[in-house]
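None of these values were measured; they are calculated from a predicted model. Per chain, numbering begins at 1; letters A, B, ... match sequence-line order.
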Protein chains: 2
Amino acid sequence: MTYALDETTRQQRLETFRRLCRERGLRCTVQRRVVLEVVLDLDTHPTADEVFEVVSRRLEGVSRTTVYRSLEGLARVGVITKACHPGATTRYDRRIEIHHHLICLRCDSITDISEAGFDDLAIPDTSAVGFEVKDYRVQLRGICHDCRDQEKKEELG
Amino acid sequence: MTYALDETTRQQRLETFRRLCRERGLRCTVQRRVVLEVVLDLDTHPTADEVFEVVSRRLEGVSRTTVYRSLEGLARVGVITKACHPGATTRYDRRIEIHHHLICLRCDSITDISEAGFDDLAIPDTSAVGFEVKDYRVQLRGICHDCRDQEKKEELG
DNA sequence: TTAAGTGCAAAAGCTTTGCGGGTAG
DNA sequence: CTACCCGCAAAGCTTTTGCACTTAA
């Protein structure tokens, strides 16, 4: 199931993207815009390839390379983020505001959770090691519903 | 710099591994034991290939495949964990107790931090979605020292 | 003895790079 | 105009798989 971002937030994010392009001398190409739109339309923490699939449907002939490059660039300027995950495939996240994740250590799936208790943690001072904190996430790690079912079947088998 | 795990902890972990093997009918092979020892000796959140390099030096002729399979298995039984990261390469972590990470969104580096304030968060009930929480991590995300230097140079260039 | 594990080779999957042609600003 | 960006093809990494041989228990 994919939930739409509310239209205002979506428009604001696209506007932010245009502004950042202007400020940094980047070009607001159709490809980049559609890649951003697609990420905003997915709440699944998609891989680059999953984004490519959807972008292809909306933009005939777009290349996989461009999607990879666009995602990297969009994350770099901060209109989307990379999600932290335990696996071997980069995943992107349309949410840039604070929120948290359920992380399955078996299938690497990521599910958003809201938990007010996690939203106002005091960030320690990391200037001593020269690290500049941009945001944070609490990640609850474990086994998701589907993988638990799987494990039960294997035990019986 | 690599810091040694204190010897007692190291021995306990190896013993746990032997016990888990017995309990689950797995075999305690030299390869698996050395892979575990190597991860315990590294505090760098290594990739499978980094582990392979070190294992190779200690165990002539070991195959990359076996290292990959061993790491997966060790993580499955819980004597090591997978680290959550923003990149495209699985990383392993010798620490299984609660601790937290500085995550660089540019180079994917992971640095351990201890922060007492993060250690006793109240875990929300996720049984409604069938998710079984095993542990959690707070991840402070941003830009590490080296990458900030890099960015400064690029701006000047 | 024998099921589980290993090594090898090959395939599969994900991501980056170099380059010539295209285009937003 | 022209610096930036795109698509293509190819290379480069990382990880998985199938199979025959080996070995821990």
Open item on the list: Keeping A:Tyr136 on the side-chain end and A:Leu121 on the backbone end, is there a donor-acceptor pair under 3.5 Å?
Closed with: yes

N-O pairing of [X] and [Y] below 4.0 Å:
| X | Y | value |
| --- | --- | --- |
| A:Asp146 | A:Arg106 | no |
| B:Arg58 | B:Asp41 | yes |
| A:Lys82 | A:Asp93 | no |
| B:Glu23 | B:Arg19 | yes |

Hey, could you give me the [atom1]/[atom2] distance between [X] and [Y], rounded to the nearest 0.5 Å?
| X | Y | atom1 | atom2 | answer |
| --- | --- | --- | --- | --- |
| A:Tyr92 | A:Leu71 | OH | CG | 5.0 Å |
| B:Leu140 | B:His100 | CG | NE2 | 9.0 Å |
| A:Phe52 | A:Thr66 | CZ | OG1 | 9.5 Å |

Open item on the list: Can you list everything that forms a side chain to side chain contact (heavy atoms under 4.5 Å, CB included) with A:Thr89? Sequence neighbours excluded, please.
Closed with: A:Thr47

Open item on the list: Any side-chain N or O of B:Ser63 below 4.0 angstrom from OP1/OP2 of C:dT6?
Closed with: no

- [ ] For the helix from C:dT1-D:dA25 to C:dG25-D:dC1, measure the angle between the helix axis at one end and the axis at the other, each built from five pairs, rounding to 10°.
- [x] 50°

When you compare the protein's N or O atoms with those of nucleotides 15-25 of chain C, which come within less than 3.5 Å of each other, and at what distance?
unit_1, atom_1, unit_2, atom_2, d
C:dT15, OP1, A:Thr90, N, 2.9
C:dT15, OP1, A:Thr90, OG1, 3.1
C:dT15, OP2, A:Tyr68, OH, 2.9
C:dT23, O2, A:Arg27, NH1, 3.2
C:dG25, OP1, A:Cys28, N, 3.2

Task: Contact list for DNA chain D against residues 103-110 of chain A - heavy-atom distance below 4.0 Å - done: none

Task: Contact interval (first through last nucleotide) of DNA chain D with protein chain B, 4.0 Å heavy-atom - done: D:dT14 to D:dA25

Open item on the list: When you compare the side chains of A:Gln11 and A:Glu15, does any donor N or O come within less than 3.5 Å of an acceptor on the partner?
Closed with: no

Open item on the list: Which heavy atom of B:Arg137 sits nearest to which heavy atom of B:His99, and what is that distance?
Closed with: CD-O, 3.1 Å

- [ ] Report the residues that fulfil side-chain hydrogen bond (donor to acceptor under 3.5 Å, both in side chains) with A:Thr8, sequence neighbours left out, ordered by chain and then residue number.
- [x] none

